[in-house]
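Note that ligands are numbered from 1 as they come in the structure, with each ligand's atoms numbered from 1 the same way.
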Amino acid sequence: MNIAILGAGSRGANVYGGALSRMPDVKISAVCDIDKNRAVSAAERFGVGRENCFFDENAFFEAGVIGDGLVIASMDRDHYRQVVKAIDAGYKKILLEKPVSHRLEEVEEIVKTAKERGVDILVAHVLRYTGFYKTVREIIKAGKIGEVMAINHQENVGYWHFAHSFTRGNWRDSETSAPILLAKTCHDFDLIYWFAESAKCVSVSSYGELSHFKRDRAPEGCAERCLDGCAYFETCPFSVKKLYLDKRTPLGWGMLQAVGKNNPTAQEKLDSLKNPENPYGRCVYFCDNDVADHQIVAMQFDNDVTATLTMTAFSEKCYRRIHIMGTKGELIGCDYDNYLTLNTFGKPRGPFGGASKRVRIKSPLKSGHLGGDDGLCRVFCNVINGEPVDKELLTTVDVTLESHKIIFFAEKARKTGKTQLL
Ligand SMILES: NC(=O)c1ccc[n+]([C@@H]2O[C@H](COP(=O)([O-])OP(=O)(O)OC[C@H]3O[C@@H](n4cnc5c(N)ncnc54)[C@H](O)[C@@H]3O)[C@@H](O)[C@H]2O)c1
């Protein structure tokens, strides 16, 4: 099976290229990236001939269909334009990075076109493909907590991930990428929508701001770039020292973005981050960022299920917490654990009169979005091959439309301070 990759960055080359090329029956047949170094390095890594290594999307699409499937892993604002071109070029199986588009009308148009033209588009909401969230869904489907009534979900982005991606990096500006709910928390809306077992969300309200990562929060003596003699270089948790230069950085995967290459040497990191043109060398309080660093959303679904979501930059780790409350019990979990707690009402055991049971997670993989990256790639290959797949899992573009829609209205609610009816 041949798969082409458009956008050979952290996701395209490292995650999807890596996972797909490890599968025995898959060959990466073409790569395209406007960054020549990235395109060439991915082509060499995956054994793609020079004739199928492109630096321009038009040239790539003019070459016709060069794969049984196409992965689109460019930046957020490229997705809509490129998926339209991919459908026109004749691709029938597409794995599209999230978000589909920053405009609701464009998401609707893609859903319609995909249906009319018989194109399968899987959106990379990778968490559905993890052992942890598949187990949550199975417990709900099995009726173990009765009818779902309420969901309380928390996305803890992690202070270091927020500093890298949403203050200094690619997703800092809602005008060039998307509001953080769409750029990051779309995974969580996909999960909430899945667990709510509803056809649609009907009402939404939201509050949140960019409160911390801005100029007026910079401490006295703070430099605009960490390596320009900042008084807090050694101690600030967000400094480039802690996030990129120290050996024990949590941001190994972010080096391609921050320094321009995977596994850079200490000197390469220093030289790159000293360069005044490198946005990742900036102090987190002196960036051109505008996305909220904490936000909450309250939702009501058409089956009366209510849900709340909290997104916050202010956590030590990058993880999610979920609490699903049903008529017969409740399910509580933290997605870096390999178990869920299932409390069943009315059983004469446990500290508060109920039965508390630990449910082990099947395949609790800890790498690549808890195993969701590999899981999605496997399902994408099944879809290309026409093999049977669990339809429950499929994050097709029409399913994504419903969860993206909640986000568009939540942003409107946050900006206007008014509850929105969908
Ligand atoms: N599913 C997930 O869990 C997940 C996680 C992180 C990022 N993402 C999404 O994946 C996408 C890529 O993110 P990333 O972290 O790989 O970013 P990245 O910056 O590492 O990679 C993006 C690549 O696209 C290339 N590119 C830009 N314009 C292009 C064009 N016109 N044609 C071809 N290539 C082009 C860039 O040069 C870059 O190499 C984003 O939309 C992001 O929101 C998804």
Side-chain angles (χ1 to χ4, degrees), residues 4-19 30-43 53-61 70-86 95-102 122-130 133 155 157-158 161-162 164-166 168-174 176-191 251-262 279-280 291 318 320 335 367-377 380 395 400 403-404 407:
I5 296 178
L6 179 55
S10 173
R11 298 292 301 172
N14 289 352
V15 174
Y16 300 118
V31 286
C32 173
D33 198 299
I34 50 167
D35 181 321
K36 289 191 180 175
N37 288 335
R38 289 188 185 189
V40 170
S41 120
C53 176
F54 300 87
F55 313 127
D56 170 71
E57 68 187 58
N58 290 326
F60 170 74
F61 286 119
L70 170 67
V71 174
I72 300 180
S74 48
M75 269 299 292
D76 303 8
R77 297 259 167 153
D78 301 318
H79 298 169
Y80 164 75
R81 183 188 72 248
Q82 292 181 341
V83 77
V84 169
K85 288 184 185 177
L95 194 169
L96 176 63
E97 256 308 350
K98 38 66 35 174
V100 177
S101 165
H102 62 290
L122 278 190
V123 180
H125 283 139
V126 289
L127 295 181
R128 277 203 198 198
Y129 304 88
T130 63
Y133 291 107
E155 176 176 28
V157 178
H161 188 353
F162 194 90
H164 171 80
S165 297
F166 302 97
R168 295 182 169 117
N170 281 345
W171 298 274
R172 64 186 182 268
D173 179 359
S174 56
T176 57
S177 62
I180 190 162
L181 291 193
L182 193 59
K184 179 84 176 77
T185 315
C186 59
H187 290 292
D188 305 271
F189 286 94
D190 174 59
L191 292 174
L251 276 163
W253 56 266
M255 292 300 166
L256 183 61
Q257 289 157 354
V259 181
K261 65 185 293 196
N262 292 315
Y280 293 90
V291 301
C318 175
R320 285 145 169 114
D335 68 4
S367 62
H369 288 105
L370 307 165
D373 291 341
D374 282 2
L376 170 62
C377 287
F380 183 49
T395 48
T400 299
S403 60
H404 270 25
I407 298 171

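With hydrogens left out, the protein atom closest to atom 10 (O) of ligand 1 is Glu97 CG, 3.1 Å, a heavy atom. The protein atom (non-hydrogen) at minimum distance from atom 40 (C) of ligand 1 is Asp76 OD1, 3.2 Å. Of the protein's non-hydrogen atoms, the one nearest atom 31 (N) of ligand 1 is Glu57 OE1, 2.9 Å. Looking from atom 15 (O) of ligand 1 to the surrounding protein, the closest heavy atom is Gln257 NE2, 2.8 Å. Ranking protein heavy atoms by distance to atom 24 (O) of ligand 1, first place goes to Ser74 CA, 3.6 Å. The protein heavy-atom contact nearest to atom 6 (C) of ligand 1 is Arg11 CD, 3.5 Å. With respect to atom 38 (C) of ligand 1, the closest heavy atom belonging to the protein is Arg38 NH1, 3.3 Å. Nearest protein heavy-atom contact of atom 19 (O) of ligand 1 is Asn170 ND2, 3.0 Å.
Interface of His79 with ligand 1, defined as ligand atoms under 4.0 Å from a residue heavy atom, comprises 41 (O). Of all the atoms in ligand 1, the ones that sit under 4.0 Å from a non-hydrogen atom of Gly7 are 24 (O), 34 (N). Listed by atom number, the atoms of ligand 1 under 4.0 Å from Asp35 heavy atoms are 37 (O). The Arg81 neighbourhood of ligand 1 comprises atoms 31 (N), with distances under 4.0 Å to a heavy atom of that residue. Those atoms of ligand 1 with a heavy atom of Leu6 less than 4.0 angstrom away are 33 (C). Atom numbering of ligand 1 starts at 1 in the shown order; those under 4.0 Å from a heavy atom of Ala124 are 1 (N). Near Val126, the atoms of ligand 1 lying under 4.0 angstrom from a non-hydrogen atom of the residue are 3 (O). For ligand 1, the atoms lying closer than 4.0 Å to a non-hydrogen atom of Asp78 are 27 (C), 28 (N), 29 (C).
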Pair Arg320-Leu127, side chain to side chain contact (heavy atoms under 4.5 Å, CB included): steps then yes or no: CA-CA 11 Å; Arg320 285 145 169 114; Leu127 295 181; 3.5 Å; yes
Set out, in order, the CA-CA distance, both residues' side-chain angles and the distance that settles side chain to side chain contact (heavy atoms under 4.5 Å, CB included) for Cys186 and His125, then state yes or no. CA-CA 8 Å; Cys186 59; His125 283 139; 3.6 Å; yes
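A donor and an acceptor atom, one from each side chain of Ser165 and His161, are located under 3.5 Å apart.
The shortest heavy-atom contact between Pro179 and Ser174 is N-CB, 3.7 Å. Between Val100 and His404, the shortest heavy-atom distance links the atoms N-NE2, 3.1 Å. In terms of heavy-atom proximity, His187 sits nearest to Ala124 at CE1-O, 3.3 Å. Nearest approach of Leu182 to Pro99, heavy atoms of both residues: CG-CB, 3.6 Å.
Residue His187 places a heavy atom less than 4.0 Å from ligand 1. Ligand 1 is approached by Trp171 to a heavy-atom distance shorter than 4.0 Å.
Using cut-offs of 30° and 60° on the angle between ring planes, the pair His164 and Trp253 is perpendicular.
Although no hydrogens or angles enter the test, the distance criterion places a donor-acceptor pair under 3.5 Å between the side chain of Thr130 and the main chain of Tyr133. Judged by distance alone, the side chain of Arg38 and the main-chain N or O of Leu256 form a donor-acceptor pair under 3.5 Å. Under a 3.5 Å cut-off, the side chain of Tyr129 and the backbone N or O of Thr395 do form a donor-acceptor pair. Distance alone, capped at 3.5 Å, places no donor-acceptor pair between the Asp76 side chain and the Ser177 backbone.
Counting heavy atoms under 4.0 Å from ligand 1, residue Asp33 touches it through both backbone and side chain. With a heavy-atom cut-off of 4.0 Å, Val15 does not touch ligand 1 at all.
Counting only heavy atoms from C-beta outward, the side chains of His79 and Ser74 approach each other to under 4.5 Å. In this structure the side chain of Phe162 reaches within 4.5 angstrom of the side chain of Val291, judged on heavy atoms.
Geometrically, ligand 1 and Asp373 share no nitrogen or oxygen pair separated by less than 3.5 Å. Considering backbone and side-chain atoms together, Leu256 places no N or O closer than 3.5 Å to any N or O of ligand 1.
Nearest residue to atom 12 (C) of ligand 1 from Ala73, Ala42, Gly372, Ala178 is Ala73 (criterion: closest heavy atom). Distances from atom 30 (C) of ligand 1 to the heavy atoms of Lys36, His369, Gln82, His161 show the closest one on Gln82.
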